[in-house]
Amino acid sequence: MIGIISAMKEEIQVLINQLQNVSLVVKGMRTYYTGTLFNKKVVLVFSRWGKVASAATTTQLINDYSIDEIIFTGVAGAISDNLAIGDVVIGKNLYQHDMDASPLFEKFEIPILKKKFIETKESTKLIEATKLFLDSYSTYINPISAQNFNITSPKVSYGDIASGDQFISSTQKIKQLNKDLPTAICAEMEGAAVAQICYEYQIPFSIIRIISDNANDNATIDFPKFAGTIASNYAFGILKNYFR
Ligand code: ADE
């Protein structure tokens, strides 16, 4: 069984619509949708926002279903100049940018785990699936939406992600993140929490992040627009290729 998580329903709505033989279970205010997607047995759930919500949901998934793999899909704000709205980031190392138990532990170190980041394992197949999707994105994303977001030649990057319980919407905060975590290229609110739980339970995981905004003062407008219109079309197209 493959667990697919997003933070918001909008980010997996197209996947929910396509799910076959669906059964629903509600636990802890989350709805778990079990069924078949692209001929694979999956369980879809949106965790709600933030590290606590996503860690709790990931733990519930692992404990209640026979999970072989977890895939998180959602949107993120770019904190690298090399990314544009509509690009895709496949997570490499996942950092909690708001973890700081210094001076007891080094800044960013997860206490007791002795790690400053959680690494994903094998991502080649997901990167290839994303490239394939991006080569034909116009069959999944309607041209007016693409135009509205200025998406012309979206690309995939395999890179580090900074997660924290903060919506990033200022250049000052971006500068701080760039200084603190120079390898991180996008910011979001769940990935590193999902990664930590999967690491602790030894479940393979992947993080897909589609850039919805530039984490600047336009982010509060761009982010909901993107998440509400095309984010789940990306998830659908990428996972269709991945599960083939
Ligand atoms: N998810 C999407 N955009 C984001 C941002 N700017 N900050 C945090 N999480 C995000």
Side-chain angles (χ1 to χ4, degrees), residues 4-15 45-58 71-100 108 117-118 130 141 145 148-151 154-157 159-196 205-235 238:
I4 303 173
I5 313 175
S6 67
M8 299 157 71
K9 193 174 187 189
E10 291 90 325
E11 292 167 319
I12 50 165
Q13 188 62 59
V14 174
L15 302 181
V45 57
F46 67 97
S47 62
R48 303 167 174 230
W49 300 23
K51 292 188 284 124
V52 172
S54 57
T57 307
T58 305
I71 301 169
F72 188 100
T73 179
V75 297
I79 58 168
S80 158
D81 291 339
N82 296 325
L83 288 175
I85 291 175
D87 286 351
V88 180
V89 174
I90 303 299
K92 186 177 181 186
N93 297 320
L94 280 294
Y95 288 88
Q96 295 181 39
H97 68 73
D98 52 359
M99 172 61 78
D100 186 359
F108 305 120
F117 59 83
I118 307 291
T130 308
I141 310 293
S145 297
N148 283 343
F149 293 108
N150 250 327
I151 300 171
K155 60 186 184 304
V156 57
S157 298
D160 293 355
I161 295 178
S163 309
D165 289 321
Q166 278 172 20
F167 186 79
I168 309 299
S169 57
S170 78
T171 44
Q172 195 192 337
K173 187 67 199 179
I174 295 172
K175 277 190 191 140
Q176 185 65 49
L177 287 171
N178 289 159
K179 186 163 162 261
D180 285 347
L181 297 170
T183 62
I185 58 175
C186 69
E188 38 85 310
M189 302 176 67
E190 297 83 18
V194 173
Q196 182 178 335
F205 70 95
S206 311
I207 311 288
I208 303 168
R209 286 295 184 175
I210 305 124
I211 299 303
S212 60
D213 58 83
N214 290 308
N216 55 17
D217 52 14
N218 228 22
T220 50
I221 297 164
D222 294 335
F223 152 73
K225 244 198 321 190
F226 192 99
T229 52
I230 55 175
S232 75
N233 295 89
Y234 270 75
I238 294 168

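Counting convention: from 1, in listed order, for ligands and their atoms alike. Please read all numbers here as calculations on a predicted model, not as lab measurements.
- Comparing F223, F226, W49, F167 against atom 4 (C) of ligand 1, the shortest heavy-atom distance belongs to F167.
- Remark: ligand 1 atoms within the under-4.0 Å shell around heavy atoms of M189 are 8 (C), 9 (N).
- In terms of protein heavy-atom proximity, atom 1 (N) of ligand 1 is closest to V75 O, 3.6 Å.
- The aromatic ring centroids of F72 and F205 lie 6.0 Å or more from each other.
- Contact annotation for I168 and ligand 1: heavy atoms of both the backbone and the side chain come within less than 4.0 Å of the ligand.
- Close approach of ligand 1 to Q166 (heavy-atom distance below 4.0 Å) involves ligand atoms 8 (C).
- The side-chain contact (heavy atoms from CB on, under 4.5 Å) with E11 is formed by just one residue from the set V75, T73, I5; it is V75.
- Against a heavy-atom cut-off of under 4.0 Å, S212 is close to the following atoms of ligand 1: 2 (C), 3 (N).
- Listed for the S80 side chain is no donor-acceptor partner under 3.5 Å among the backbone atoms of I185.
- Residues M8 and F223 approach most closely at SD-CZ, 3.7 Å, considering heavy atoms.
- The nearest heavy-atom contact from the protein to atom 9 (N) of ligand 1 is E188 CA, 3.4 Å.
- The N/O atoms of G77, backbone and side chain alike, include one that comes under 3.5 Å of an N/O atom in ligand 1.
- Residue A187 places a heavy atom under 4.0 Å from ligand 1.
- Remark: K155 engages D87 in a salt bridge, criterion side-chain N to carboxylate O under 4.0 Å.
- Ranking protein heavy atoms by distance to atom 3 (N) of ligand 1, first place goes to D213 OD2, 2.7 Å.
- Relative orientation of the F149 and F226 rings is perpendicular, given thresholds of 30° and 60° on the angle between their planes.
- N214 approaches L83 most closely through the heavy-atom pair OD1-O, 4.1 Å.
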